[in-house]
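Worksheet: the structure to be examined is printed underneath.
A, B, ... follow the sequence lines: proteins, then strands. Residue 1 opens every chain. As the structure is a computational prediction, the values presented were derived from the model and not from experiment.
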Amino acid sequence: MPFDENEEKRIERAEETWEEQTLRPALEKLPERTREFNTVSWHPIRRLYTPRDLSDFEYTRELGFPGLYPFTRGVYPTMYRGKIWTMRMFAGHGTPEETNQRFRYLLEQGQTGLSVAFDLPTLMGYDSDHPMSRGEVGKCGVAIDSLADMEILFDRIPLGDVTTSMTINSPAAVLWAMYLVVCEKQGVPYDRIGGTIQNDILKEFIAQKEYIFPLDPSMRLVVDTLLFGARYLPRWNPVSISGYHIREAGSTAIQELAFTLADGMAYVEATMKAGLAVDSFAPRLSFFFNVHNDFFEEIAKFRAARRLWARLMRERYGASDPRSWLLRTHAQTAGCALTAQQPYNNVVRVAIQALAAVLGGAQSVHTNALDETLALPSEAAATIALRTQQIIAHETGITHTIDPAGGSYFVETLTNEIEEAAWTYLQKIDDLGGMVQAVEKSFPQQEIADASYRYQQAVETGEKVVVGVNRFVAETEEPISLLQIDPDKAAQRQMEKFQKLKKRRDHDRVEQTLDALRKAAQGKDPWDRDLLMPKILDAVRAYATLGEIMGVFREAWGEYIEPAII
Amino acid sequence: MTSERKESTYRVTKMISEERKVRILVAKPGLDGHDRGAKVIARAFRDAGFEVIYTGLRQTPEMIVGAAIQEDVDAIGLSCLSGAHMYLFPRIVELLRERGADDVLVFGGGTIPDEDIPKLREAGIAEIFTPGTRTSVAIDFVRNRVRRDQTK
């Protein structure tokens, strides 16, 4: 913080005296535990931070005020004093019927938004009866084959009153269309529908690997939804630009931040190239970050993310609507930080991580359940996870003031350092020609693989401590009770419904709508075409299946095979 | 030390140093794309002196068994986090048996509940390494088992 020369000299002298007279004798008596301290991401941490670390820090430039540029202190003027973050627990397994029950249970427990987990066949655009779906139906999420399943999934849930987040990427446009048609049937007008599709395909190539098509048509689908959303759905977030999976794949905090923002920049640039003015879609871009164990690093990461995005949007892309500058974000506690050993310890980890998300100013939070390294969460475990958020919100008092960590010499310095390190990565990605090119060159993939291996080695040597895994290990452990899913019931029920649907629907209409979609998807220049969304909606209304619709795209665009690097 | 014992020590040393590199296929069966574990394991085995072939993503059991036979591997390491292990892992062992390659050691890891482990062992998967296992444990396991099988 800028202070007058006298004050600066006074602090400097006092620090020297402290080092000489107080610190040195103490170190001689008891040396520190290690020579170097660093975060879980190897960012170096110093012994002490003082005003001298922030000597050229300008409050209004770096922090400003909540709800004002550059939003370091938060995106809204009152933050949690006005409204607690949305507690949005990711759920889904088995059949749409079973997941509908879990959703209604969670809403009764005070959850304020829905978040759908789909099974792998759905995520990969296959119907339940496809050979690749064997063994996977309903396993890590709910199986959705057609509009008929979506109608069951949201049965008796008023979609005009809740917001829904759907974790779906390559087939995002299709699942979104299914959701919109269910809303149509419930009589909810488009301008009242609120929610999010993840739809962040770049991080699939980088980290989670649920891509289907090559990069170019994949980007076309994302842009298509952004164009459609900007025109018809003012309350929908068509992309949730996600660092979560990048971090889960083993990146550092700084890589997570930099690669996520670079992905966001690629979507902004592609949508602007498609002819949309930045301010007509940028306010609907939302983010999704991981929140890991290293408490202050995480808080600083969220603060740096807001400041960086605001600066990028205003300065680089010329956005003038303040809403375009906002980095609104969902946060999920780090699945990769949980342990299979002594699983009850995970409750503590999750609580600390969620606390960091709240101190970081997240707009919605998912807290992981203690049993997630072993299976999908049991109802009891998911309830504890939700209660963890409720305790933070209503018992700790940290929601009473905005950005309580702001102004800490340490937090502000760390925020600056993380911002700077992320800039360096962004420049590197610019040099490679932008994120699409960087992904093609496997740059982020390789960086993450290296960081992940380095971390694993550090755990094995004991350099990084994981309680219950490489320190404080228990000799024997009582097994905990896990959610039981009948392995074949979901698959069997999906198959039966699927056969019935195929008999029931208007076959000609299915063919016609798929033909229209095929024509729209083909063509050499992917950008110079009609929107695909209206045609996807038509096919969905005709009860064409997810596999059929994605099959049209697979035929038109082919499939991506990644170069396997280790 | 008697000359006999010297001779046998020499032979063992020679056998180890001349032993061909153990070949291992690291595979991701099914639709799951979470490849952090598979990549870490592949790299750890490579650094430990194994010859590692990584299949890449979304391999059917047939593709994995085909690759294992073609590459003449000693072991297959499977990674699955989607919950589909109870179908995919036993199917791979079954196909290896059908194709007369049941001498290939199969082990796995991922999001696998404890109670599934005995069933997987029964189905012929030699070992399941759950989250938190040191890579050196898996490496030692494969090294010991493959060497034992080779000297049988």
Q: Show the numbers, then the answer: is there a salt bridge (charged side-chain N to carboxylate O under 4.0 Å, His left out) between B:R43 and B:D47?
A: CA-CA 6 Å; B:R43 208 149 152 175; B:D47 288 357; 5.4 Å; no

Q: Take A:E204 and A:K209, measure what salt bridge (charged side-chain N to carboxylate O under 4.0 Å, His left out) needs, and give me the verdict at the end.
A: CA-CA 4 Å; A:E204 294 298 334; A:K209 311 295 173 76; over 6 Å; no

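Using a 4.5 Å cut-off between heavy atoms, B:A44 contacts chain A through both its backbone and its side chain. Interface residue A:E562: only side-chain heavy atoms are found under 4.5 Å from chain B. No part of A:T339 comes within reach of chain B, as not one of its non-hydrogen atoms sits under 4.5 angstrom from that chain. Interface residue A:E460: backbone and side-chain heavy atoms are both found under 4.5 Å from chain B. Residue contact with chain B, scored on non-hydrogen atoms closer than 4.5 Å, involves the side chain of A:L482 exclusively. Using a 4.5 Å cut-off between heavy atoms, B:T135 contacts chain A through both its backbone and its side chain. Interface remark: A:P121 contributes backbone and side-chain atoms alike to the contact with chain B (heavy atom separation under 4.5 Å). Contact of A:M132 with chain B is made through backbone and side chain together, with heavy-atom distances under 4.5 Å. If you measure heavy-atom distances from B:I112 to chain A, the contacts under 4.5 Å come from the backbone alone. For A:Q456, the part lying under 4.5 angstrom from a heavy atom of chain B is the side chain only. Contacts of B:D114 with chain A are absent, with no heavy-atom separation under 4.5 Å from either backbone or side chain.
When each of B:T130, B:L57, B:T55 is checked for heavy-atom pairs under 4.5 Å with chain A, B:L57 comes out on top. Chosen from A:G250, A:C336, A:A207, A:P563, the residue pairing most often with chain B at heavy-atom distances under 4.5 Å is A:G250. Counting heavy-atom pairs closer than 4.5 Å to chain A, the top-ranked of the candidates B:G37, B:G83, B:G110 is B:G83. Contact tally against chain A (heavy-atom pairs below 4.5 Å) for B:A38, B:G56, B:S82: the top residue is B:S82. Top candidate by heavy-atom pairs under 4.5 Å with chain B, chosen from A:V469, A:D119, A:D450, is A:D450. Put simply, of B:T133, B:T111, B:L81, the one with the most heavy-atom pairs under 4.5 Å next to chain A is B:T111. Of the listed residues (A:A449, A:G141, A:G135), the greatest number of heavy-atom pairs within a distance under 4.5 Å of chain B belongs to A:G135. Between chain A and the residues B:R58, B:H34, B:E115, B:M86, the most heavy-atom pairs under 4.5 angstrom are made by B:R58.
Heavy-atom contacts from other residues, nucleotides or ligands closer than 6.0 Å to CD of A:E478 number 12 or fewer. Within a 6.0 Å radius of CZ in B:R91, more than 12 heavy atoms belonging to other residues, nucleotides or ligands are found.
Counted by atom type alone, A:K203 and A:N169 present one or more donor-acceptor pairs between their side chains at under 3.5 Å. Defined by atom type and a distance below 3.5 Å, a donor-acceptor pair is present between the side-chain atoms of A:N368 and A:Q332. No side-chain N or O of A:E136 forms a donor-acceptor pair with one of A:S133 less than 3.5 Å apart. The closest side-chain donor-acceptor pair between A:S251 and A:E256, if any, does not fall under 3.5 angstrom. Looking at A:D263 and A:T260, their side chains never bring a donor and an acceptor atom within 3.5 Å of each other. For the residue pair A:D145/A:T545, the side-chain donor-acceptor check at 3.5 Å is not satisfied.
The two residues A:L370 and A:N346 come nearest to each other via the heavy atoms O-ND2, 2.9 Å.
Remark: A:R554 qualifies as a cation-pi partner of A:Y126 under the 6.0 Å distance and 45° angle criteria applied to the six-membered ring.
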